[in-house]
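Input: a single structure, listed below in structure tokens.
From a predicted model like this one, the values you see are computed outputs, not experimental measurements. Numbering of ligands and ligand atoms starts at 1, following listing order.
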Amino acid sequence: MNCDYLVVGAGFFGGVIAERIANELGRKVLLIDKRPHIGGNCYSETDADTGIETHKYGTHIFHTSEPEAWDYLKRFTELNGYYHQVLTTYKNKVYQMPINLETINSFYNLNLKPYEAKKFIASEISKEGISRPRNLEEKAISLIGRPLYEAFIKGYTIKQWRKDPTELPAEIITRLPVRFNYQETYFVNARWQGIPLNGFTEVFEKMLASPNIKLELNCDYFEHRDDFKVACQTIYTGPLDQFFAYRFGKLEWRTVNFKKEVKPVEDYQGTSVMNFADPEAEYTRVHEPRHLHPERSYSREKTVIFYETSGCGSNEPYYPINTENNLRLLRKYRELVKREQVIFGGRLGDYAYYDMDKTMLAALECFKNEIYPQDK
Ligand SMILES: Cc1cc2nc3c(=O)[nH]c(=O)nc-3n(C[C@H](O)[C@H](O)[C@H](O)COP(=O)(O)OP(=O)(O)OC[C@H]3O[C@@H](n4cnc5c(N)ncnc54)[C@H](O)[C@@H]3O)c2cc1C
């Protein structure tokens, strides 16, 4: 196919760009992805053992308050009305997350009113007298006090990072939300939230349906880079450092691993995501995707769950690590980007964590400001 544009990566950034070029500009796009599927990390598929729709790269919930993101997404799907809630198990008891009034009262066995709880937590924080936190542990204690830190943050962080929080830089966390009310909806400010009625993958199928888009899966840009050196504009959403052959060194990512298990019960844990704060449980979270689609009639005999562990068994880049060293490398790579004709974008191309709505908005902006004006 003669293409006007080459888009590397069929996740939300690449998908939105390809859709806009094909439908708004009427130009031909070659969209490649090294994986065997579209959708990037938002890819969903039906589990062959249970018929339950699962999210291969971790539970994804769409949530936004940005009308532009919602207006764009709703062209391809309706949402199913799912509201996200997160729970955490600590010492065999279940608490609400992020920490709210219910968590505080239940943990301390108190019945504080919001204004009393605020004072109470402030006094817990002041007991430690930390004004300049030197590491993640001190930072967390300076935000919520020691007992809540030791119960809900310490063990979880050790499992997430495989390091003691005293060895982790304070800048990894900027805040730990504490709600002094009983609000238990996780995405409390989202005007729109839920799961696409027919799953995320169908959103991408519809988005990429134009005959102007040619899709090549199992196609790694770096194996074919020279073939693509044709007169078409490239939009690259793969890893930033890889594009420059890791010239300054590798940008580090935190990775997670998922282990599937089919359970012979209708409902295993009563919720889609359960955190495990105790250091003894080796997994950080257990996902049960049947709860993401309460509107569907799934099997009553079995369910599927995924144990999530951190930092082992997978090379997938999931979360950027904002240490000083990584941010220094990032600045150096960004200098190289300025000299390239290629357009970089998406979470891998920017070395950033973006929610889906922010990724879509960034892609729409990129199309409007960088691609459309040059083409017209
Ligand atoms: C565990 C986890 C849970 C998340 N949950 C949520 C959530 O609940 N809600 C939310 O809004 N957001 C969530 N996100 C964020 C969401 O995944 C991102 O916003 C979204 O995936 C970003 O899209 P993208 O196109 O930038 O990147 P990706 O989806 O990663 O797509 C990039 C694509 O580029 C391809 N690629 C890379 N290198 C090459 C190459 N050399 N050649 C060809 N192709 C290549 C990759 O295979 C990939 O398909 C979550 C993220 C993680 C890690």
Side-chain angles (χ1 to χ4, degrees), residues 6-19 30-44 55-66 69-70 73 79 82-86 160 186-187 190 192-196 200-201 203-204 207-208 215-225 227-228 234-245 253-258 272-273 284-285 287 289 292 306 308-311 314-321 342-364 366:
L6 168 69
V7 177
V8 180
F12 258 121
F13 196 94
V16 170
I17 292 279
E19 184 278 324
L30 175 58
L31 173 62
I32 64 165
D33 203 297
K34 65 180 183 182
R35 290 172 172 167
H37 60 73
I38 53 175
N41 272 12
C42 308
Y43 172 70
S44 64
H55 296 174
K56 182 165 182 174
Y57 303 95
T59 301
H60 276 69
I61 297 114
F62 180 79
H63 57 100
T64 194
S65 293
E66 304 278 356
W70 172 234
L73 186 76
L79 297 178
Y82 169 83
Y83 261 69
H84 196 44
Q85 181 194 15
V86 173
Q160 249 185 346
Y186 193 73
F187 301 117
W192 300 277
Q193 66 174 296
I195 311 290
F200 279 102
T201 298
V203 171
F204 285 88
M207 201 190 281
L208 304 176
L215 185 63
E216 292 270 1
L217 297 173
N218 298 305
C219 179
D220 190 325
Y221 175 68
F222 296 102
E223 284 169 20
H224 302 276
R225 200 172 187 168
D227 309 339
F228 295 133
T234 300
I235 295 99
Y236 174 82
T237 75
L240 178 60
D241 51 0
Q242 190 178 11
F243 187 90
F244 296 107
W253 292 82
R254 191 165 73 75
T255 188
V256 292
N257 191 38
F258 299 99
S272 59
V273 182
T284 47
R285 304 197 276 187
H287 304 256
L292 297 173
F306 293 86
E308 177 182 329
T309 46
S310 213
S314 160
N315 290 322
E316 287 290 344
Y318 277 115
Y319 301 97
I321 304 175
V342 169
I343 295 174
F344 291 76
R347 65 182 197 100
L348 298 166
D350 287 351
Y351 188 67
Y353 179 89
Y354 297 134
D355 279 327
M356 289 181 273
D357 64 331
K358 298 293 180 301
T359 309
M360 267 181 232
L361 290 173
L364 291 170
C366 171

Check whether any side-chain heavy atom of His55 sits under 4.5 Å from a side-chain heavy atom of Phe258, and report yes or no.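 Side chain of His55 against side chain of Phe258, heavy atoms only: no contact under 4.5 Å found.
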Got a salt bridge between Glu316 and Arg35, using NZ or NE/NH1/NH2 to carboxylate O under 4.0 Å?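 Salt bridge flag = yes for Arg35 with Glu316.
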Heavy-atom nearest neighbour in the protein, as seen from [atom], with distance rounded to 0.1 Å:
atom                    : answer
atom 8 (O) of ligand 1  : Ile61 N, 2.8 Å
atom 46 (C) of ligand 1 : Asp33 OD1, 3.5 Å
atom 31 (O) of ligand 1 : Gly11 CA, 3.6 Å

Under a 4.0 Å heavy-atom limit, does Asp220 contact ligand 1 with its side chain, its backbone, both, or neither?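 Under 4.0 Å from ligand 1, Asp220 contributes backbone and side-chain atoms.
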Pick from [options]: the one approaching [atom] most closely through a non-hydrogen atom:
atom                    : options                       : result
atom 21 (O) of ligand 1 : Cys42, Pro239, Gly14          : Cys42
atom 2 (C) of ligand 1  : Tyr318, Phe187, Tyr319        : Tyr319
atom 13 (C) of ligand 1 : Tyr354, Phe243, Phe13, Tyr353 : Tyr353
atom 39 (C) of ligand 1 : Lys34, Met356, Arg347, Arg225 : Lys34

Between NZ of Lys358 and CZ of Phe12, what distance do you get to the nearest 0.5 Å?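 CZ of Phe12 is found 13.5 Å from NZ of Lys358.
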Ligand 1 atoms in contact with [X] (distance to a heavy atom under 4.0 Å):
X      : value
Cys219 : 42 (N), 43 (C)
Gly9   : 33 (C), 34 (O), 35 (C)
Gly346 : 26 (O)

Is the closest heavy atom of [X] to ligand 1 under 4.0 Å?
X      : result
Ala363 : no
Thr59  : yes
Gly349 : no

Using distance alone, determine whether Phe222 and ligand 1 share an N or O pair under 3.5 Å.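 No, since none of the N or O atoms of Phe222 sits under 3.5 Å from an N or O of ligand 1.
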Below the 3.5 angstrom mark, is there an N/O of Arg285, backbone or side chain, next to an N/O of ligand 1?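 Arg285 vs ligand 1: no N/O contact under 3.5 Å.
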Please report the C-alpha distance between Arg254 and Ser310 in whole Å, then the side-chain angles of each, then the deciding distance to 0.1 Å, and finally whether the side-chain hydrogen bond (donor to acceptor under 3.5 Å, both in side chains) criterion is met. CA-CA 8 Å; Arg254 191 165 73 75; Ser310 213; 2.8 Å; yes
Working note: Glu308 + His287, criterion side-chain hydrogen bond (donor to acceptor under 3.5 Å, both in side chains); need CA distance, chi angles, decisive distance, verdict. CA-CA 8 Å; Glu308 177 182 329; His287 304 256; 2.6 Å; yes
